[in-house]
Structures are given as C-alpha cells and as structure tokens.
Number of protein chains: 2
Amino acid sequence: MSNTSPRRVRGSATPAAGVVTLEMVAQAAGVSPSTVSRILNGTARVSQVKQQAVDAAIQSLGFRPNPVARGLAGGRTLSIGVLTQTISSPFYGEALHGIEDRLDEAGYIPIFVSGHWQEAEERKALDALMARRVDGLIVLAGRLSNRALQAGAGNVPMVVVGRQMQGPRVHGLCFDNRAGAAMATQHLIDCGHARIAYIGGEPDHADAHERLAGYREALDRAGLPFDPALVTPGDYTEAGGLLAVNRLLDARLPFTAIFAANDQTAIGAALGLYRRNVRVPDDVSLVGFDDLAPARFAIPPLTTVRQPVYEMGFQAAAAMMALLRGETAQVSLPSLQLVPRESVRRLQR
Amino acid sequence: MSNTSPRRVRGSATPAAGVVTLEMVAQAAGVSPSTVSRILNGTARVSQVKQQAVDAAIQSLGFRPNPVARGLAGGRTLSIGVLTQTISSPFYGEALHGIEDRLDEAGYIPIFVSGHWQEAEERKALDALMARRVDGLIVLAGRLSNRALQAGAGNVPMVVVGRQMQGPRVHGLCFDNRAGAAMATQHLIDCGHARIAYIGGEPDHADAHERLAGYREALDRAGLPFDPALVTPGDYTEAGGLLAVNRLLDARLPFTAIFAANDQTAIGAALGLYRRNVRVPDDVSLVGFDDLAPARFAIPPLTTVRQPVYEMGFQAAAAMMALLRGETAQVSLPSLQLVPRESVRRLQR
DNA sequence: TTGTAGGCGTTATCAA
DNA sequence: TTGATAACGCCTACAA
C-alpha cells in the first residue's frame with residue numbers, strides 16, 4: 001500500500017489560512033470525502049447518522065465548497081455568462097438586474113461582459129466567457145450572427161434575448177416590437193392625429209425595423225397614407241433624437257405628432273422641439289417606447305410603450321435554468337402596454 | 001518506474017470535446033508541460049527554440065489556458081469582485097463601465113454583485129465573491145462598516161470607492177463632495193440668489209452629509225444665513241425629489257433657488273415645480289449633482305456638478321492592479337466641475 | 001450505503 | 001534551462 005496520508009511536500013498554491021476543505025469536514029465527521037460530496041450534491045442516499053455528523057461538521061467548521069475546484073472536477077462552474085452591450089445602458093441595466101435576481105435564487109452567478117455593439121468585441125467577450133467555462137450563455141441583442149453565436153457557444157445552452165431562435169439547447173425570447181409600435185401609433189391616430197412622423201432606431205437593429213413595420217401597419221389599418229418624408233433615422237440616443245427632430249422641422253412638412261423608436265430618442269426630440277419653441281403636446285404630440293424612469297419624469301411626462309425589461313431578464317434566466325435541467329424552456333414574456341401620460345394631445349375636429 | 005503515460009481510467013468531468021490542454025501543447029511542441037507553463041507566465045527563461053516550438057503549437061492548436069484550473073493550481077483566478085449596489089443604477093453603471101474597461105486591459109474580468117444598499121445582502125454578496133476566490137475586491141459605497149469589509153475581504157487587496165480607507169492592501173478613493181456642493185451653491189450665490197433650498201440625499205449616506213456641509217460652507221462664506229427650514233431630505237431618486245419640492249412649496253417659505261443632492265432628485269423636483277406651475281428657471285433656479293445623461297437633456301437642461309464616474313471606475317480598477325503588483329496605489333481622481341446650463345437664472349438686483 | 005483512488009488542467013517545487 | 005512530480009479541492013467510477 002502506498003502512502004495515502006495527506007502529506008504536503010511540495011505544492012503550488014499556498015493554502016490560504018483558515019480555508020476549510022471538504023476533506024477536513026470528512027475527517028471531523030469521521031466519514032470519507034466522497035460521502036461529504038454526496039451530501040453536498042444530493043448525489044446519493046446516505047444514512048441519517050452520517051448525514052447529521054456531516055451537517056454538524058460543516059456548521060462548526062464553517063465550510064463552504066470551493067467553486068473553482070468544483071468547476072475543475074465537476075465541469076460545472078455554477079456561473080452563467082451574460083453577453084450584454086453596454087453595462088451602463090439604462091435599458092439593459094434593468095434586464096441585468098432581473099437576470100441577477102433569478103440566477104441568485106438558483107445559486108448561480110452571472111458574469112457580465114460587454115460587446116458595445118461591435119462584432120469584434122462581442123466575439124472576444126464570448127471567448128472570454130467560454131474560457132471561463134460558464135455553464136450557460138445569455139445573450140442580449142448584439143450584432144453577432146446566429147451562426148457565430150452558435151459556434152462561439154460550443155455546446156453550452158444559450159438563451160438569446162431579442163431574436164427568434166429555437167433549438168434543443170437554445171431559446172429565443174423577444175417582445176413583439178411590431179405590435180408595440182402599432183399600439184403607439186394607433187393611440188395617436190385615436191387622438192385624431194393623421195400626420196405622424198417617425199424617428200427610427202439604429203438602422204441595423206432588428207427591433208428598429210419591427211417598430212417601423214408596426215408604425216406602417218397602424219397607418220394602413222386606419223387608411224392613412226404612409227409618407228416616407230415623415231420617417232427619419234435615429235440611433236436610440238437622446239442626441240440622435242435631437243438631430244432627427246431638427247431634420248423633420250427643417251423639412252417644413254406639416255405633422256402633428258411624433259412617434260420615436262425609444263424613450264431616449266423621444267427625450268432628445270423633446271429638447272429639440274423646445275429649442276425651436278414647438279410645445280409638447282400643444283403643438284406636437286410625442287410618444288416613446290420602453291418606459292424607463294426618465295420617461296416618467298420628463299416634462300411633460302412621456303406617453304410611451306412599456307417593456308417589462310426587468311421581467312425579461314428574469315425570464316431569460318429562468319429559461320436558462322430550465323435548459324440546464326435538460327428541459328425545453330417554456331417561459332412567456334408579459335406583453336407590451338401603452339402608458340398614456342401627458343405628451344399626447346387629443347386633436348379637436 | 002510507475003506508469004506516467006496519461007491513462008484515462010476513471011475520471012469525473014468528461015473532457016469537453018475539442019478542448020485543448022496545456023499538456024497537448026507540450027506534446028505537440030515536444031517539451032514538458034512545465035516549459036509551456038513557464039512560457040505562458042513568463043516565470044523563467046526558456047530557449048529560443050522551445051519558445052518558438054511552443055508558440056507555434058499554441059497557435060495551431062488554438063490553445064487557451066483554462067482559468068478555472070489556473071485558479072485552483074495557482075491560487076489566482078484573474079477575476080476581481082465588484083460589490084456594487086444596483087447594477088442598473090445610472091450612476092454606478094458608468095463606474096462599472098470604467099472598471100470593466102481597465103480590468104480588460106490587464107486581462108482581468110470583473111464579477112459584479114449587487115448589495116442593494118442592504119447590509120445583509122452586501123455581506124452575502126461579499127461571501128459569494130470570496131468563495132469564488134476573486135483576486136481582489138472593489139467596493140462601491142454601501143452600508144457595510146469598514147471593519148466588516150476588512151473582515152469579509154480576508155486578505156485580498158481592496159479598493160473602496162466613496163470612503164476614506166488606507167492600509168497596506170487597501171485603498172480608498174473618493175470625490176470631494178463637500179467642495180462640489182460648495183461650488184454648486186456658490187454658483188447660485190454668484191447669480192444673486194440668497195434664499196437657496198437644499199434637497200438632501202439618503203440620510204445615511206456619507207456623501208449626503210458632505211454635500212450638505214458644502215452647501216452650508218458656501219452660505220457661511222458668503223455671509224448668508226443658514227435656514228434649516230429650507231433643508232429637506234430626499235433619497236436620491238426622482239420620486240424623492242418630487243415629494244421634497246412639494247414639502248418645500250407647502251411650507252410657503254420664500255426661496256429663489258434649489259440645490260438638489262443629485263440629478264435624479266433635481267429632475268424629480270423639476271417635475272414637481274412644473275406641476276405647481278412654478279417655472280424653471282424663471283421662478284426658481286435649480287442645480288443638480290452628477291451630470292448624468294438625463295441632466296443634459298432635461299427641459300431646460302440642468303445646471304449641475306459633473307462627477308467623472310467612468311473615470312472613477314477606471315481609476316479604481318487601476319488602483320487594484322497596482323495593489324496586485326504589490327505597489328501602493330497612487331491614483332488620483334479628476335476633480336468635480338460645475339457645468340452651467342439653463343436651469344439657473346441670474347437675478348436682477 | 002460507503003470508501004478508495006484517480007483525474008479535472010494548471011502551477012510550483014525540487015532535482016538534474 | 002529543463003523535466004518529473006506533487007499538489008490545488010472537489011467529483012465520480014468502481015469496488016466493497
């Protein structure tokens with residue numbers, strides 16, 4: 001029999017003082033390490049006596065399993081990679097919050113990395129995540145193609161927010177942007193507006209196209225003409241909205257309302273209107289999209305379409321947990337809702 | 001001689017297909033694993049020949065070291081724990097962005113966890129971080145006492161933003177809130193205002209007290225009386241600002257200006273004033289603190305004190321890197337600056 | 001039900 | 001300068 005006592009001759013990492021290992025728990029409880037492991041993971045049944053002995057040892061020693069070692073041995077790191085675009089974005093920030101809360105419930109931890117809407121960065125971020133051996137991947141929008149994502153993710157399960165994807169270990173989750181935009185436009189039409197301008201989002205974001213489609217759909221349904229001159233691009237930022245509204249005003253076309261592709265755009269537009277002495281809603285009505293905090297406190301408070309973003313993050317994480325259990329994710333997103341406030345005026349006829 | 005060939009008899013984690021290990025690189029290059037490791041870490045000199053052979057093998061095999069294994073063996077995970085309060089906060093979001101960018105430069109990854117301004121949650125988050133064996137800790141404000149932080153951090157280096165702390169492996173980093181607040185108040189005084197109300201921040205945040213002190217300081221310096229009735233608490237949110245301004249108005253005390261403890265408070269206050277038909281800046285001037293995006297696009301654009309938050313995060317991460325190198329962190333924060341916009345009116349005399 | 005004995009992919013020590 | 005080898009702390013296949 002060779003020597004099996006835990007000699008420490010040479011080693012690498014100096015064990016941090018006060019670190020309690022599973023082996024120490026086993027010794028204290030008078031059982032083998034495997035038994036402790038089994039109890040920790042619920043891998044097999046163990047007798048009541050040992051169960052209690054181990055529990056007691058864990059308590060008294062204050063043992064906490066080392067996730068790093070677990071990751072190496074078990075192949076699970078209990079961490080989920082989250083590829084987001086800008087960690088400081090007011091929109092995605094809420095989603096991250098939801099993800100964090102749901103993962104926490106399950107003992108997982110999110111690892112956030114930003115792609116900044118740039119393919120190269122996204123690819124790099126994805127690599128970093130995979131190198132960290134995350135157990136799953138949640139992707140928030142982005143520019144990477146579905147193929148690139150699939151390839152980059154290897155064989156870990158993936159939840160993608162903002163695009164349609166289905167597969168055995170993949171789940172897509174999105175809001176119905178088209179319906180939301182139609183709802184916003186319809187609201188303006190219901191208030192008597194017929195000349196409605198549209199300030200779009202980033203031209204190469206899918207949701208920007210869907211919102212434009214929703215706008216046209218509502219116009220069509222009401223039998224109103226679609227005037228391309230009333231449509232101008234934005235970039236989902238306040239500055240973009242400001243610029244866009246200036247173009248609209250400079251064109252000297254008549255319009256009584258503006259539907260902006262998101263709240264930030266609408267808020268920028270509102271400032272642009274203010275600068276030109278066009279009053280909201282007296283002269284021009286304004287509707288946004290998202291319902292972030294600034295919309296609620298804008299002057300006047302902004303009518304918008306509410307996207308439950310926190311909930312979206314929460315559900316994305318829930319879907320991931322399902323995928324990890326080998327189930328097919330079956331989560332549903334709450335639908336979008338119009339939030340009427342004070343930036344829209346009912347036209348007299 | 002015992003058998004040293006890499007037999008795989010029984011194991012645990014099934015090695016994921018396509019995973020390239022350091023050992024495979026060593027074989028391909030015809031050297032020992034230790035040599036590969038040395039090259040990877042620059043731990044020792046190796047001959048040109050082997051150097052190149054290994055580099056080639058790494059390239060062709062597409063090898064990427066496994067951080068999890070590194071963490072176990074080397075005791076370093078190349079990750080930094082970041083204890084923040086609300087990941088979706090517009091203020092801290094910017095800081096996280098800065099941290100992320102600086103850490104990325106150094107090959108480190110941030111692990112963000114939220115404490116939600118609650119001691120119990122912060123403690124839990126701290127534990128989770130330490131269990132993950134992060135190499136360092138960056139703490140953004142919070143309620144945990146310095147002692148609790150020190151204890152929770154064990155012996156990993158720590159950078160704390162928003163409080164004064166010094167130590168061999170600890171570094172504190174803060175803005176001069178007092179000076180910033182004095183600057184804001186002074187600006188109002190310079191514009192001829194004498195009756196200046198103050199809407200405070202969360203009563204138990206240190207920076208809220210500092211800002212109040214700055215407000216008083218400016219008043220004193222100008223020989224203006226301090227009227228406690230003109231001071232009312234807020235909570236750093238828009239809703240808090242709205243409520244506060246209502247209290248101020250209800251008290252029916254005369255004032256010509258308001259200094260709010262942060263932008264969100266100011267924006268809420270602006271809405272409150274609007275609701276009561278008090279115009280900004282014609283009837284009341286308004287100054288905020290932070291200079292977040294919404295301030296720039298408020299109507300009218302908000303005069304405020306700019307805190308370079310991104311930079312703050314960046315510097316905090318830089319300090320951490322210095323600490324990790326065993327140096328004493330010696331980073332400096334850019335100072336606060338007044339950003340005059342349109343929410344302040346110069347009083348005629 | 002329980003224990004034994006690798007092995008996960010790296011780093012670090014020792015000896016050459 | 002290089003290579004063998006023993007950890008790092010845990011999990012699990014296998015044997016008992």
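Protein chains get the first letters and strands the later ones, always in sequence-line order, with residue 1 at the start of each. Computed from a predicted model, the values in this text were never measured in an experiment.
DNA chain C is contacted by both A:A69 and A:R45; A:R45 maps to the nucleotide lying nearer its 5′ end (nearest heavy atom per residue). If B:G30 and B:R133 are placed on DNA chain D by their nearest nucleotide, the residue sitting closer to the 5' end is B:G30.
Heavy atoms of B:P67 sit nowhere under 4.0 angstrom from any nucleic acid atom. Contact annotation for A:S37: base contact, defined as any heavy-atom pair under 4.0 Å involving a base atom. Among the heavy atoms of the strands, none lies under 4.0 Å from B:P33.
At whole-Å resolution of the value, CD in B:Q27 and C1' in D:dT2 are 17 Å apart. If you measure from atom CG of B:L22 to atom C1' of C:dC8, you get 13 Å, rounded to the nearest angstrom. One atom, CE of A:M24, and another, P of D:dG9, lie 10 Å apart when rounded to the nearest Å. Note: CG (A:L78) to C1' (D:dC11) measures 13 Å, nearest angstrom. Rounded to an integer number of Å, the gap from B:E23 CD to C:dC8 C1' is 11 Å. Rounded to whole Å, the distance from CG on A:L72 to P on D:dC11 is 12 Å. For B:I39 and C:dT10, the CD1 to C1' distance is 15 Å, given to the nearest whole Å. In this entry the distance linking NZ of A:K50 with P of C:dT2 reads 5 Å, nearest Å.
Of the candidate nucleotides C:dG9, C:dG3, D:dA4, C:dG9 has the atom nearest to the side chain of B:A73. For B:T35, the side-chain atoms get nearest to D:dG3 when compared with the rest of C:dT4, C:dT11, D:dG3. Considering only the side chain of A:V19, D:dG9 comes nearest among D:dT12, D:dG9, C:dG9. Residue B:N41 has its side chain nearest to C:dT11 when only C:dT2, D:dT2, C:dT11 are considered.
Remark: the A:S114 side chain and the B:E100 side chain contain an N/O donor-acceptor pair separated by less than 3.5 Å.
Between B:Y310 and B:H97, the ring planes lie perpendicular to each other; the angle is over 60°, past the 30° to 60° tilted range.
Under 4.0 angstrom from either OP1 or OP2 of D:dC11 there lies at least one side-chain N or O belonging to A:R70. A close approach under 4.0 Å does not occur between any side-chain nitrogen or oxygen of A:T21 and OP1 or OP2 of D:dG9. The phosphate of C:dC8 has neither OP1 nor OP2 within less than 4.0 Å of any side-chain N or O from B:N66.
One can find a donor-acceptor pair under 3.5 Å joining the base of D:dA4 and the side-chain atoms of B:S34. The base of C:dG3 sits within donor-acceptor range of the side chain of A:R38, with an N or O pair under 3.5 Å.
The closest side-chain heavy-atom distance from A:E94 to A:M312 is not below 4.5 Å.
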Problem set entry | Candidate pair A:S32 and A:T35, rule side chain to side chain donor-acceptor pair (under 3.5 Å), full reasoning | CA-CA 5 Å; A:S32 76; A:T35 299; 3.3 Å; yes
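Within a 6.0 Å radius of CD in A:Q330, no more than 12 heavy atoms belonging to other residues, nucleotides or ligands are found.
Looking at A:Q85, its side chain does come within 3.5 Å of a backbone N or O of A:L140 through a donor-acceptor pair.
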